[in-house]
Amino acid sequence: MHVFLALVFSALLVYLFVQFARQEEVQDVFEDAILDVEARLEWARTRSSFPFGMQAQMEVSGELLGKAKHLWNQHRWRQAYQTALRSRDAIDKAQRIYSSMIAAR
């Protein structure tokens, strides 16, 4: 009986260690992506005018950002990171739209 409990305890420790390692692998790049998107969304919201399509991309980025944070809280780290990258892509598009308008002036 003691051997069985020791094996179960050992398996649990290995599982927890693997989960921690998986989270640590993604955490830094995830946090960097989230901070980048949040900062650029704040920048975009301070603009005085929004060219066609910019606000739509900002909304998409904001929704994806919220989804990424939700996935992170559910311990779905890789999906959260991929969603954060999609959010970054959306805010990139919004900034390109804005830059194109400024360059056209």
Side-chain angles (χ1 to χ4, degrees):
M1 182 67 175
H2 292 297
V3 172
F4 177 73
L5 288 176
L7 287 174
V8 170
F9 182 71
S10 297
L12 180 62
L13 281 177
V14 168
Y15 172 77
L16 290 174
F17 179 73
V18 167
Q19 288 295 90
F20 177 74
R22 289 176 64 201
Q23 178 186 2
E24 283 294 313
E25 177 186 357
V26 178
Q27 186 170 2
D28 288 338
V29 290
F30 173 77
E31 288 175 352
D32 290 344
I34 293 295
L35 292 174
D36 179 43
V37 170
E38 287 175 339
R40 292 199 284 158
L41 274 172
E42 281 302 314
W43 169 86
R45 289 183 185 118
T46 64
R47 303 298 94 190
S48 59
S49 63
F50 300 100
F52 179 76
M54 182 178 172
Q55 280 189 309
Q57 289 300 320
M58 289 168 53
E59 290 173 11
V60 168
S61 181
E63 290 171 9
L64 289 170
L65 183 65
K67 184 177 178 181
K69 289 178 180 181
H70 180 71
L71 287 168
W72 187 266
N73 291 333
Q74 290 181 330
H75 306 291
R76 295 166 64 186
W77 300 299
R78 290 209 182 272
Q79 288 176 323
Y81 178 59
Q82 293 301 317
T83 305
L85 292 180
R86 290 185 10 231
S87 178
R88 182 187 285 174
D89 290 342
I91 197 65
D92 283 344
K93 289 178 187 176
Q95 283 187 312
R96 281 195 298 273
I97 291 168
Y98 186 79
S99 296
S100 296
M101 179 196 72
I102 296 299
R105 283 187 181 176

Common cluster, [X]/[Y], ILVMFWY with side-chain heavy-atom separation under 4.5 Å:
{"X": "Ile102", "Y": "Trp43", "result": "yes"}
{"X": "Leu85", "Y": "Leu65", "result": "yes"}
{"X": "Leu35", "Y": "Tyr81", "result": "no"}

Find out whether Arg40 and Asp92 are in side-chain contact, i.e. whether some heavy atom of one side chain is under 4.5 Å from a heavy atom of the other. yes

Minimum side-chain heavy-atom gap Met101-Tyr98 below 4.5 Å: yes

To the closest 0.5 Å, what do you measure between [atom1] ([X]) and [atom2] ([Y])?
{"X": "Lys93", "Y": "Met54", "atom1": "NZ", "atom2": "CE", "value": "14.5 Å"}
{"X": "Phe52", "Y": "Ile97", "atom1": "CZ", "atom2": "CD1", "value": "8.5 Å"}
{"X": "Asp28", "Y": "Phe30", "atom1": "CG", "atom2": "CZ", "value": "12.0 Å"}
{"X": "Arg88", "Y": "Ser61", "atom1": "CZ", "atom2": "OG", "value": "10.5 Å"}
{"X": "Leu41", "Y": "Gln95", "atom1": "CG", "atom2": "CD", "value": "9.0 Å"}
{"X": "Leu12", "Y": "Leu7", "atom1": "CG", "atom2": "CG", "value": "12.5 Å"}

Might you point out which heavy atoms bring Ala68 and Ile34 nearest each other, and give the distance in Å? CB-CD1, 4.3 Å

State, to 0.1 Å, how close Met58 and Ala44 come at their nearest heavy-atom pair, and which atoms those are. SD-CB, 3.7 Å

By the salt bridge (Lys or Arg N to Asp or Glu O under 4.0 Å) test, which pairs, at least two apart or in different chains, include something from residues 51-74? Glu38-Lys69

Between Ser10 and Ala6, is there a donor-acceptor pair closer than 3.5 Å when you use the side chain of the first and the backbone of the second? yes

Any donor-acceptor N/O pair, Thr83 side chain to Gln79 backbone, under 3.5 Å: yes

Kindly determine whether Trp72 and Val26 satisfy side-chain contact (heavy atoms from CB on, under 4.5 Å), including the steps that lead there. CA-CA 10 Å; Trp72 187 266; Val26 178; 4.1 Å; yes

In this structure, is the centre-to-centre distance between the rings of Trp77 and His75 below 6.0 Å? yes

